[in-house]
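Notes follow the structure.
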There are 2 protein chains.
Amino acid sequence: MLNIATDTFAARGYNNASLAEIADRAGLTQAGVLHYFRSKSLLLTSVLERRDQGDIEQLGPERPRGLAFLRHLVDTALRNAEREGLVRLYAVLSAESVTEDHPAQAYFRDRYTGLRAFVTDALTEACGLPDPDAPRTRDAANAIIAVMDGLQVQWLLDPDAVAMAASTDLVIRSLLSTLAPDRFSN
Amino acid sequence: MLNIATDTFAARGYNNASLAEIADRAGLTQAGVLHYFRSKSLLLTSVLERRDQGDIEQLGPERPRGLAFLRHLVDTALRNAEREGLVRLYAVLSAESVTEDHPAQAYFRDRYTGLRAFVTDALTEACGLPDPDAPRTRDAANAIIAVMDGLQVQWLLDPDAVAMAASTDLVIRSLLSTLAPDRFSN
DNA sequence: GTCTATAGCTCGATAGAC
DNA sequence: GTCTATCGAGCTATAGAC
């Protein structure tokens with residue numbers, strides 16, 4: 001049920017997806033869907049929360065740190081090329097969430113805040129930097145997240161023109177050798 | 001009129017924006033809007049075409065080349081921080097366009113194809129590379145476009161957490177020194 | 001739990017008066 | 001050119017039978 005809702009939101013976006021279509025695909029009526037989820041926006045929230053378990057940034061307490069975490073991001077980009085549905089869900093909804101009164105706005109704001117902290121920490125640790133709050137580290141972290149997101153949109157529109165993992169890897173390596181040229185040479 | 005439509009599509013996305021709201025803001029009725037644009041999707045097309053004149057990638061035949069073009073991208077990121085409406089329009093619509101049967105899908109596919117060619121050329125020239133079709137150059141070009149797009153979404157959700165120009169500049173510099181370490185040192 | 005039925009909207013588009 | 005009126009369709013959500 002949540003899987004079907006996920007696919008539908010991914011294919012159509014939140015606003016353009018209808019409970020009737022989700023219900024059809026799930027083999028019941030629109031009223032049936034609302035029996036389990038009191039409203040459409042609550043269904044979206046449930047979809048997003050479900051997706052957070054067992055995914056990218058929720059790896060449990062033994063999440064990899066430093067360089068291992070950055071490598072994990074490249075791995076994720078590689079695996080994402082085989083998970084178009086998931087990529088579509090986040091690409092479509094994250095951008096849609098910036099529109100007025102979107103029900104997923106708080107979710108994505110918080111998600112990015114958390115991701116930024118993770119990546120900033122990983123960079124600081126991998127590079128052995130003294131100050132975890134250095135603006136340049138923060139800029140680099142934001143850029144790494146941004147490049148992964150932006151590549152997804154290009155890839156969804158034109159899969160053959162984009163190598164998500166290769167581009168992600170190239171950016172991370174380049175940033176590392178800028179932030180810590182002694183540790184990471186070109 | 002097109003300006004009002006632009007703002008509305010930017011604030012609500014295409015699907016969620018209504019002709020009635022656009023008409024209200026423009027001071028006429030919904031039927032009045034359809035007198036000028038035969039359909040909603042034609043209005044969107046007109047908005048996007050209008051925006052292409054005098055903007056980022058349409059700088060006329062004397063578009064800057066090589067390093068100057070890459071600097072221009074950073075300038076654009078800097079100016080974009082003062083043009084939230086325009087940023088919102090492209091961030092929202094580009095992601096929305098990957099959904100099924102979206103009227104702007106062809107527009108954004110073509111736009112990215114053109115942008116990729118521009119940035120790839122600029123990188124090839126700036127770095128003095130022999131092969132304009134090198135995969136790594138293409139990966140770097142895609143990454144530069146992606147980082148600019150991805151930063152916009154983060155910035156719209158949390159303006160204080162993101163320095164679009166600084167992050168863009170950092171990525172471009174880092175990539176340059178990876179692609180051509182002899183010309184661009186850290 | 002799942003259904004039918006329906007209330008109560010909003011939407012895009014068209015027809016036609018002025 | 002701009003309006004009113006309206007069609008036909010879609011939507012979310014609720015009420016209530018079974």
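These figures come from a predicted structure and were not determined experimentally. Atom set for the values below is all heavy atoms of this structure, side chains included, hydrogens, waters and symmetry mates excluded. Numbered from 1 within each chain, the chains take letters A, B, ... in sequence-line order.
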| Rounded to whole angstrom units, what separation is found between the CG atom of B:Asn16 and the C1' atom of C:dC11? | 11 Å
| field | First of A:Ser39 and B:Gly27 reached from the 5' end of DNA chain D, by closest nucleotide | value | B:Gly27
| request: Indicate yes or no: does B:Asp169 engage B:Arg173 in a salt bridge with an N to O separation below 4.0 Å. | output: yes
| Integer-rounded Å distance: C:dC3 P and A:Leu28 CG | 5 Å
| task | Calculate the interatomic distance between A:Leu34 atom CG and D:dG16 atom P; express it in whole Å. | result | 17 Å
| Integer-rounded Å distance: C:dC11 P and A:Asn15 CG | 11 Å
| field | Integer-rounded Å distance: D:dG10 P and A:Glu21 CD | value | 12 Å
| query | Are A:Met1 and A:Leu19 linked, directly or through other ILVMFWY residues, by side chains that come within less than 4.5 angstrom of each other? | reply | yes
| Side chains of A:Ser174 and B:Ser174, donor plus acceptor under 3.5 Å | no
| task | Could you tell me the separation between the OH atom of B:Tyr14 and the C1' atom of C:dC11, rounded to a whole number of Å? | result | 12 Å
| How close or far is atom P of D:dG10 from atom CZ of A:Arg12, stated in whole angstroms? | 12 Å
| request: Could you check whether B:Ala17 gets within reach of a base, just the sugar-phosphate, or nothing at all, counting any heavy atom under 4.0 Å? | output: sugar-phosphate
| field | Whole angstrom value for the distance that separates P of C:dG12 from CZ of B:Phe37 | value | 15 Å
| query | In terms of side-chain heavy atoms of A:His35, which of C:dC11, C:dT14, C:dG1 is nearest? | reply | C:dG1
| Taking everything shown except A:Arg25 itself, do over 12 heavy atoms lie less than 6.0 Å from its CZ? | yes
| query | Within the structure shown, what part of the strands sits under 4.0 Å from B:Thr29 by heavy-atom distance: base, sugar-phosphate, or nothing? | reply | base
| request: Among D:dT14, D:dC11, C:dG12, find the nucleotide with the atom closest to the side chain of A:Ala31. | output: D:dT14
| field | Nucleotide nearest A:Gln30 when distance is taken to its side chain, options D:dT14, C:dC11, D:dC11 | value | D:dT14
| field | Touch class at under 4.0 angstrom, heavy-atom based, for B:Leu19 against every strand present | value | sugar-phosphate
| So which nucleotide from C:dT14, D:dT12, C:dC11 ends up closest to the side chain of B:Ser18? | C:dC11
| Is the NZ or CZ atom of B:Lys40 both under 6.0 Å from the centre of the six-membered ring of B:Tyr14 and within 45° of that ring's axis? | yes
